[in-house]
Engineer: 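I am attaching a structure below and will ask some questions about it afterwards.
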Protein chains: 2
Amino acid sequence: MTIESASNKLKKFFIQQRRLPSYAEMCIIFGFASKKAVFDLVNKLIEAGLLEKDSKGKLSPKRLFSIPQLGIIKAGYPTPGEALADDSVDLYEYLLNLPGAIFSLIVKGDSMIEEGINEGDVVIVDKYRTPQNGDVVAACVDNEWTIKYYRKNNAGVHLVPANPNYPLIFPKGDLMIGGVVISVIRKYH
Amino acid sequence: MTIESASNKLKKFFIQQRRLPSYAEMCIIFGFASKKAVFDLVNKLIEAGLLEKDSKGKLSPKRLFSIPQLGIIKAGYPTPGEALADDSVDLYEYLLNLPGAIFSLIVKGDSMIEEGINEGDVVIVDKYRTPQNGDVVAACVDNEWTIKYYRKNNAGVHLVPANPNYPLIFPKGDLMIGGVVISVIRKYH
DNA sequence: ATATACAGTAAACAATCGTTCACTGTCAAT
DNA sequence: ATTGACAGTGAACGATTGTTTACTGTATAT
């Protein structure tokens with residue numbers, strides 16, 4: 001049983017059950033007859049930095065779900081750059097740290113395309129954040145949901161699309177801000 | 001102790017420890033002196049659909065980290081639309097189901113801005129996916145990393161930026177495709 | 001042939017696990 | 001004043017936990 005194969009099996013279990021298996025369960029997963037074999041393997045996984053034990057000796061995934069962050073990539077001209085860093089970003093942690101009062105929406109249309117929000121993207125909206133000038137907001141204008149820039153001046157609030165082909169929106173009736181867009185997630189394929 | 005407050009405390013614990021606390025630990029977290037009080041509260045959380053017990057009676061988070069998906073938002077003109085759905089997307093699950101051989105990069109520059117990839121965005125790259133024509137790829141051209149469209153014709157492979165202000169790249173030397181961009185994550189603020 | 005290291009088995013350990021039971025107080029309704 | 005419903009205490013339960021120890025092969029190196 002290689003470390004690689006073991007960590008994959010733990011990963012699969014964690015995704016399905018949202019917890020790590022006990023040593024007895026690992027016996028089944030790994031095909032061992034003795035918990036000692038699991039015990040040794042787990043210690044290797046800890047040494048490899050994939051798992052860790054907290055102060056109470058309880059097991060938890062450490063790097064099991066972290067995505068190695070290789071550095072900064074130039075999207076403009078390729079420029080002489082430093083070697084890719086060996087850092088790692090924990091998206092797991094990032095997502096779990098989102099505030100409590102959030103919801104997500106699937107974007108349809110292209111009025112925010114110049115902001116880099118495409119059709120099909122998922123936007124995550126914080127309900128209770130107070131919108132600042134220039135924030136991307138999900139708003140309900142005259143009973144329809146839309147996603148636009150939030151603008152406020154002494155004339156009042158209006159909504160601006162990032163795509164200049166679309167007009168500004170000056171809400172005639174009621175304007176309800178559903179929340180401020182705090183994250184955009186796009187999945188290719 | 002309200003369900004709301006309890007689930008927030010569990011959430012906080014899970015984010016820090018990547019596991020649910022035991023009933024004894026919950027006593028401390030919730031401020032109870034008896035595990036029975038915890039037992040009752042956990043049952044309420046299960047009834048509320050926030051936690052669940054698997055076939056072995058082990059506790060795991062259910063909706064604790066799911067983000068309610070309220071539906072589809074029009075980013076173009078506000079159009080008469082259906083009421084927002086009461087579905088829910090589990091980003092937690094989405095992230096955990098990413099393939100194994102991935103890494104992430106922070107984007108610098110604006111050559112992919114028309115694809116909706118902005119400076120500061122995090123792109124997630126699958127190392128081993130075979131790039132198709134039109135895929136966004138992270139490539140190492142003449143020893144520099146860059147992110148571009150992948151184009152292949154009978155003349156060979158070249159890289160195309162989404163921003164027309166930048167030139168096509170015909171690799172003189174070696175071209176190494178670091179991988180295919182499978183996801184883009186942007187965080188505002 | 002012998003020694004050494006490695007990987008797994010099998011059994012036992014105290015500690016902790018989730019669960020249950022009988023009980024205590026507190027509040028609201030009758 | 002009495003009742004009933006809640007919410008929590010405190011102690012006890014068998015089961016399971018992670019860990020340890022002694023042992024068994026099997027392969028490699030000397």
Side-chain angles (χ1 to χ4, degrees), chain A residues 1-66 90 92-93 96 100, chain B residues 1-66 92 96 100:
Chain A
M1 174 70 48
T2 67
I3 287 190
E4 189 91 11
S5 151
S7 88
N8 280 339
K9 287 177 178 175
L10 287 184
K11 214 165 156 175
K12 186 184 260 178
F13 187 98
F14 195 93
I15 289 170
Q16 285 175 349
Q17 310 281 350
R18 304 187 173 200
R19 62 179 175 87
L20 284 178
S22 70
Y23 284 30
E25 290 170 320
M26 289 191 211
C27 278
I28 301 169
I29 295 174
F30 295 149
F32 288 140
S34 166
K35 286 195 284 182
K36 167 66 156 51
V38 169
F39 184 80
D40 294 343
L41 185 53
V42 164
N43 279 336
K44 284 185 186 168
L45 288 166
I46 292 174
E47 276 183 35
L50 293 164
L51 300 179
E52 67 180 346
K53 283 186 188 168
D54 62 18
S55 54
K56 291 199 53 174
K58 301 274 183 174
L59 228 48
S60 68
K62 193 181 173 189
R63 300 241 166 178
L64 209 52
F65 295 103
S66 73
D90 205 330
Y92 183 96
E93 196 161 342
L96 264 45
Chain B
M1 173 71 48
T2 66
I3 287 189
E4 188 89 13
S5 152
S7 88
N8 281 338
K9 287 176 177 173
L10 287 183
K11 214 166 157 177
K12 186 184 259 179
F13 187 98
F14 194 94
I15 289 170
Q16 286 175 349
Q17 311 281 349
R18 305 188 172 199
R19 62 177 176 87
L20 284 179
S22 69
Y23 284 31
E25 289 171 320
M26 289 193 212
C27 278
I28 300 170
I29 295 174
F30 296 149
F32 287 141
S34 167
K35 286 196 283 182
K36 167 63 157 51
V38 169
F39 185 79
D40 295 343
L41 185 53
V42 165
N43 280 335
K44 283 186 188 169
L45 288 166
I46 292 174
E47 275 182 37
L50 293 164
L51 300 178
E52 68 181 344
K53 283 185 187 167
D54 61 19
S55 54
K56 291 199 52 175
K58 303 274 184 174
L59 228 49
S60 69
K62 193 180 174 190
R63 300 242 166 177
L64 208 51
F65 295 104
S66 72
Y92 183 95
L96 264 44

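What you see below is based on every heavy atom in this structure, not just the backbone, and it leaves out hydrogens, waters and symmetry mates.
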Engineer: Can you name the closest pair of heavy atoms from B:I3 and B:A48 and give their distance?
Structural biologist: CD1-CB, 4.3 Å

Engineer: Quick check for you: among C:dA7, D:dT17, C:dT19, whose closest atom lies nearest to any side-chain atom of A:S22?
Structural biologist: D:dT17

Engineer: If you check the A:Y23 side chain, which of D:dT19, C:dC17, C:dT20 turns out closest?
Structural biologist: D:dT19

Engineer: May I have the distance from B:E25 (atom CD) to C:dA15 (atom P), rounded to whole angstrom?
Structural biologist: 17 Å

Engineer: Ignoring hydrogens, what is the shortest heavy-atom contact between A:L59 and B:R19? Give both atom names and the distance.
Structural biologist: O-CD, 3.9 Å

Engineer: Output the rounded distance in Å from CG (B:N43) to P (D:dG8).
Structural biologist: 13 Å

Engineer: Going through the checks in order, is the side chain to side chain contact (heavy atoms under 4.5 Å, CB included) test met by B:F13 and B:L20?
Structural biologist: CA-CA 7 Å; B:F13 187 98; B:L20 284 179; 5.9 Å; no

Engineer: Any donor-acceptor pair under 3.5 Å between the side chain of B:S34 and the base of D:dG10?
Structural biologist: yes

Engineer: To the nearest Å, give me how far apart CG (B:L51) and P (C:dG18) are.
Structural biologist: 12 Å

Engineer: Could you check which of D:dG10, D:dT19, D:dT21 has an atom nearest any side-chain atom of B:K36?
Structural biologist: D:dG10

Engineer: Pick base, sugar-phosphate or nothing for A:A33, based on heavy-atom distances below 4.0 Å to the nucleic acid.
Structural biologist: sugar-phosphate

Engineer: Whole angstrom is fine here: how far is it from CD1 in B:I46 over to P in C:dG18?
Structural biologist: 11 Å

Engineer: What is the distance, rounded to the nearest whole Å, between atom NZ of B:K56 and atom P of D:dA15?
Structural biologist: 14 Å

Engineer: Which whole-number value in Å describes the distance from A:D40 CG to D:dT20 P?
Structural biologist: 11 Å

Engineer: Between B:P61 and A:R18, which heavy-atom pair has the shortest distance, and what is it?
Structural biologist: O-CD, 3.1 Å

Engineer: Which nucleotide, D:dA7, C:dA10, C:dA12, lies nearest any side-chain atom of A:K35?
Structural biologist: C:dA12

Engineer: Could you tell me the separation between the CE atom of B:M26 and the C1' atom of C:dC17, rounded to a whole number of Å?
Structural biologist: 12 Å

Engineer: Answer yes or no: does a side-chain N or O of B:K58 lie under 4.0 Å from OP1 or OP2 of D:dT17?
Structural biologist: yes

Engineer: Can you check the A:F39 CZ to C:dA12 C1' distance for me, whole Å?
Structural biologist: 15 Å

